[in-house]
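Read through the structure below, which is laid out as structure tokens, and then see the notes.
As the structure lists them, so they are numbered: ligands from 1, and atoms in each ligand from 1.
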Amino acid sequence: MSPDSPYPEEERDLELAQSLCDFLQECPSPYHTARALGLRLEAAGFSRLVEGEPWFIRPGGRYYVTRNGSSIVAFVVGDGGERPYFSIAASHSDSPTFKVKTVPELAGPGDYVRLNVEGYGGIIERSWLDRPLSLAGRVMVERDGEARCMLFAPDEDLLLIPSVAIHQDRNVNNDGSLNRQVDLCPLFLADGRSKGSFVGMLAKRLGVSDAQVLSHDLVLVNRQRPTVWGNAEEFVSGPRLDDLQCAFASLEALLRARDSQSTKVLACFDNEEVGSGSMQGALSTFLPSVLERLCESLGMGRSEYVRAIYNSFLVSCDNAHAVHPNHPELYDDGNRAWLNRGVVIKESASQRYTTNAVTRAFFTMICRRAGVPTQTFANRSDQPGGSTLGNLLMRQLSMRSVDVGLPQLAMHSSYETAGVCDTAYMVRALREFYSSDYSFDADESFEIVNG
Ligand code: CO
């Protein structure tokens with residue numbers, strides 16, 4: 001399209017970039033992410049299973065399960081042969097934001113009404129100032145003696161957190177630190193005497209009475225639309241790229257994968273940004289119990305299940321840091337990543353990332369077979385860096401694993417930036433992973449076949 005593009009057309013896949021932007025828009029909260037993934041899976045012939053009911057799973061079948069409406073596991077049952085095992089790609093459905101408290105109205109000063117919100121995850125606070133915000137999540141509504149869970153994400157600018165003018169805060173460009181209980185309360189109403197309450201606002205949009213609204217899980221949403229930009233249309237920016245870019249890529253890969261012996265699994269977990277310790281987080285029983293019941297339903301015994309887990313492979317997919325254009329000094333010398341240069345394989349001696357020589361070699365070979373470039377990321381040795389879900393999953397499901405991600409800027413800003421080519425690279429890499437059969441021997445040598 002652009003005559004200036006240095007990228008081959010199949011790598012700068014603008015159609016895929018636009019689908020990613022649409023996905024970001026469809027997923028303003030983890031509940032919406034699980035629903036968006038479920039809808040796309042159903043359109044591709046996946047059947048929904050419910051954890052509280054019996055399962056009848058057939059070889060070759062395609063299924064998905066949700067937990068708490070905010071985490072999802074989907075799988076395509078492989079033919080298994082003599083040696084059933086799982087090829088798993090895991091990402092997360094949540095992003096740093098602010099959660100609205102149950103009694104949210106802060107009346108005053110004057111006639112203002114602000115909302116009382118609590119931080120969720122590691123937030124770049126200033127990225128939430130001076131832009132239209134909305135709300136997204138779920139609301140429990142009472143109807144004829146039953147409580148219904150309704151998703152909520154009005155297509156409206158509803159809130160804004162204004163900066164203090166520079167004339168009242170001469171120090172803003174030096175020490176711009178913000179207090180969450182004071183500086184980060186979104187403005188809801190200018191004249192609280194006449195315009196009703198927060199619950200009234202929810203009830204009106206849901207078409208119910210105030211008394212029917214029982215409770216809510218709602219977070220703030222940056223309303224700025226995702227965009228593909230740059231002279232060569234090589235950047236994609238939007239809210240929640242960490243980690244919806246990986247969730248989106250793993251879905252596309254699963255839907256495009258070829259048949260293989262392995263059972264292909266997509267997992268997308270809520271609550272990664274707050275430590276994964278919930279009923280539906282990566283530390284929960286969700287994924288192990290889905291895999292255990294899948295094996296049981298196929299007539300496998302306990303020891304066959306344990307063997308299948310041991311023979312499996314996990315790709316933990318969570319976005320990585322690209323070198324910041326104004327601050328190259330913040331990154332390691334050799335082990336640093338750039339936008340549009342391929343999938344990042346992350347490592348950490350302290351095992352915050354699960355990558356080791358064996359699993360790096362495995363994933364590098366998968367990427368080579370797919371024609372996908374790889375990059376390496378390690379933190380500077382004087383920085384602890386972040387954490388992710390791969391090593392947490394190991395506590396419940398111990399298997400060979402690699403930590404990968406797509407390079408991005410401004411991680412945990414309310415508006416993040418990544419490379420257009422990298423989404424396509426991740427789709428191709430994960431598609432090759434899902435399509436491959438492989439086996440590891442007791443000395444950690446391996447072979448990949450049928451790629
Ligand atoms: Co992440």
Side-chain angles (χ1 to χ4, degrees), residues 20 23-24 27-34 36-37 70-72 88-99 119-124 127-128 219 221-222 226 236-251 266-278 280-284 287 314-322 324 331 337 339 343-348 351-355 375 377-379 383-394 401-419 422-423 425-426 429-430:
L20 170 64
F23 185 73
L24 296 175
C27 302
S29 81
Y31 311 102
H32 292 84
T33 305
L37 290 171
S70 61
S71 292
I72 184 165
I88 306 170
S91 57
H92 64 88
S93 59
D94 61 324
S95 303
T97 179
F98 293 88
K99 186 168 190 289
Y120 177 91
I123 305 160
I124 299 182
S127 72
W128 288 88
V219 295
V221 178
N222 179 354
V236 56
S237 295
R240 304 175 294 281
L241 280 170
D242 169 18
D243 190 26
L244 296 184
Q245 193 178 14
C246 285
F248 172 80
S250 59
L251 175 78
L266 176 156
C268 188
F269 294 101
D270 193 3
N271 301 131
E272 189 277 337
E273 299 293 359
V274 291
S276 299
S278 62
Q280 61 279 356
L283 278 172
S284 75
L287 184 57
L314 169 75
V315 182
S316 164
C317 306
D318 196 359
N319 268 3
H321 301 293
H324 192 284
Y331 305 85
L339 298 178
V343 173
V344 182
I345 303 179
K346 310 182 217 174
E347 67 184 29
S348 143
Q351 301 300 301
R352 290 166 87 141
Y353 302 130
T354 55
T355 310
Q375 321 186 62
F377 178 85
N379 286 299
Q383 280 180 356
S387 59
T388 181
L389 42 76
N391 70 330
L392 301 181
L393 271 172
M394 290 300 110
S401 174
V402 67
D403 268 276
V404 307
L406 294 174
Q408 69 158 91
L409 300 169
M411 188 177 286
H412 292 193
S413 168
S414 76
Y415 204 74
E416 301 172 321
T417 292
D422 295 317
T423 312
Y425 285 140
M426 184 64 101
L430 292 177

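- Atom NE2 is the N, O or S atom of H92 at the shortest distance from the Co ion (ligand 1).
- Residues passing the side-chain contact (heavy atoms from CB on, under 4.5 Å) test with T417 are W229, F235, S237, L409, sequence neighbours excluded.
- Between F248 and F23, the ring planes are tilted. Angles from 30° to 60° get that label.
- Summary: OD1 is the N/O/S atom of D242 found nearest to the Co ion (ligand 1).
- For D318, the N/O/S atom at the shortest distance from the Co ion (ligand 1) is named OD1.
- Judged as a salt bridge (charged side-chain N to carboxylate O under 4.0 Å, His left out), the pairs with a partner in residues 89-99 (not counting sequence neighbours) are, in order, K99-D217.
- Looking only at atom types and distance, the side chain of D403 has a donor-acceptor partner in the side chain of T354 under 3.5 Å away.
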